[in-house]
Protein chains: 2
Amino acid sequence: MAIFSKTCEYAIRAVFYIAHKTANGGRVGIKDIATGIDSPELYLAKILQDLSRKGLISSFKGPNGGFFIEPALLNKPLSEIVEAVDGDSLFYGCALGLKQCSEINPCPLHNDFKAIRDKIHLLLSTTTIGEFNSELMNGLFSLKK
Amino acid sequence: MAIFSKTCEYAIRAVFYIAHKTANGGRVGIKDIATGIDSPELYLAKILQDLSRKGLISSFKGPNGGFFIEPALLNKPLSEIVEAVDGDSLFYGCALGLKQCSEINPCPLHNDFKAIRDKIHLLLSTTTIGEFNSELMNGLFSLKK
DNA sequence: ACAATAAAAGACAAAAATATCTTTTATTAT
DNA sequence: ATAATAAAAGATATTTTTGTCTTTTATTGT
Ligand code: FES
Ligand code: FES
């Protein structure tokens with residue numbers, strides 16, 4: 001198993017893609033995004049509709065329409081995307097699936113896992129949506145293949 | 001999304017349960033295990049069959065039959081259970097689902113994620129199946145609720 | 001030998017995740 | 001106004017994961 005669901009992988013890659021493509025204004029269409037991140041177009045459309053409803057990305061219909069990200073939202077943490085799609089069990093849940101992760105009734109992995117889980121949470125809450133824009137423009141980072 | 005699949009959560013909890021229940025010999029039946037880790041009995045049976053075929057746990061049929069773990073296997077790393085059930089993408093896969101995680105074609109999260117991924121791998125390969133036996137016998141750790 | 005026990009195996013069922021198809025709505029340009 | 005464009009919405013399909021049911025096989029005790 002991967003760390004994120006397939007849906008979440010697509011969501012993150014799409015958000016990074018939209019962010020760096022519209023950082024200087026303009027909009028980017030679903031076909032462009034789907035090709036740019038190598039994902040099934042119609043499934044991605046559903047995911048972006050959802051993010052749009054939740055206000056994490058924006059869109060316009062019609063000619064010259066497409067998706068974009070409000071400049072102010074470029075420094076939102078990536079954790080908000082993850083939480084919107086996969087929920088927060090990666091940040092707060094028990095590694096072994098106990099109903100409640102707690103010090104009172106800990107599973108055997110609790111102590112060591114909590115440390116790692118907190119690092120994941122920290123990474124995702126300190127990484128912003130627009131953080132990689134210039135590297136992505138320069139082709140230093142990849143979102144496909 | 002949680003870090004392990006439900007199947008893997010049950011598998012780990014069951015292995016810990018069997019380990020500490022049979023550390024001093026004897027066998028433990030599926031009903032006992034399912035109750036002890038709070039999992040659906042018949043589904044767990046399938047999971048244990050699989051682990052048994054792979055040689056990670058042992059079993060006997062008939063009266064006084066049940067599951068147990070060869071003493072020598074008690075210091076096998078937990079990572080083998082995880083790998084047998086969930087595969088190795090948690091240890092080697094790209095966070096964003098790129099086909100290949102590599103320095104040559106890295107995703108934006110690559111550097112930070114690799115560090116965390118390695119910690120997860122280290123934790124699971126240095127934790128052994130029998131490591132928590134005494135704490136489990138003492139009730140210091142929990143495998144249910 | 002025979003009955004009782006308990007896991008193995010195979011088939012099936014339900015739910016969730018992933019993916020696709022079709023129709024509608026908003027926007028733009030002619 | 002009208003046609004063209006592109007996302008939104010709703011419905012449907014496929015695949016995977018999770019869970020259950022039934023039959024078979026191995027083992028034990030009588
Ligand atoms: S109780 Fe399992 S991780 Fe905290
Ligand atoms: S390329 Fe994505 S984690 Fe290495």
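No side-chain N or O of B:Thr128 forms a donor-acceptor pair with one of B:Asn75 less than 3.5 Å apart.
If you measure from atom CD of A:Gln49 to atom P of C:dT18, you get 17 Å, rounded to the nearest angstrom. At whole-Å resolution of the value, CG in A:Asp50 and P in C:dT18 are 13 Å apart. Note: NZ (B:Lys54) to P (C:dA9) measures 13 Å, nearest angstrom. Atom NZ in B:Lys6 sits roughly 16 Å away from atom P in C:dA15 (whole-Å rounding). Computed from coordinates, the A:Ile47 CD1 to C:dT20 C1' distance equals 13 Å when rounded to whole Å. Between B:Tyr43 atom OH and C:dA14 atom C1' the separation is 13 Å, expressed in whole Å. Rounded to an integer number of Å, the gap from A:Met1 CE to C:dA17 C1' is 12 Å. In this structure, B:Leu51 atom CG and C:dA9 atom P are separated by 13 Å, rounded to whole Å.
For the contact set between residues 63-71 of chain A and DNA chain D, defined by any heavy atom under 4.0 Å, the members are A:Pro63, A:Gly66, A:Phe67.
Boundaries of the chain B contact region on DNA chain D are D:dT18 to D:dG29, first to last in 5' to 3' order (nucleotide atom under 4.0 Å from a heavy atom).
Pairing each heavy atom of B:Phe132 with each of B:Thr127, the nearest pair is CE1-CG2, 3.6 Å. Of all the heavy atoms in B:Arg117 and B:Tyr92, the pair that sits closest is NH1-O, 3.2 Å.
Position along DNA chain D of the nearest nucleotide to A:Val28 versus B:Lys61 favours A:Val28 as the more 5'-ward residue. Heavy-atom nearest nucleotides on DNA chain D were determined for B:Phe60 and for B:Cys8, and the one closer to the 5' end corresponds to B:Cys8.
Aromatic pair B:Phe113/B:His110: centroids not less than 6.0 angstrom apart.
Nucleic acid contact class of A:Lys46 (heavy atoms, under 4.0 Å, all strands): base. As judged by a 4.0 angstrom heavy-atom cut-off over every strand, B:Ile30 is placed among residues touching the sugar-phosphate backbone only.
Around the CD atom of B:Glu41, the shell of radius 6.0 Å holds more than 12 heavy atoms that belong to other residues, nucleotides or ligands.
For B:Glu103 and B:Lys114, the salt-bridge test passes: some basic side-chain N is under 4.0 Å from an acidic carboxylate O. In summary, B:Asp50 and B:Lys46 do not engage in a salt bridge, as defined by a charged side-chain N under 4.0 Å from a carboxylate O.
In the hydrophobic clustering of this structure, B:Tyr10 does not group with B:Met1; members are Ile, Leu, Val, Met, Phe, Trp, Tyr whose side-chain heavy atoms approach within less than 4.5 Å, directly or through other members.
Looking at A:Arg27, its side chain never comes within 3.5 Å of a backbone N or O of A:Phe60 through a donor-acceptor pair.
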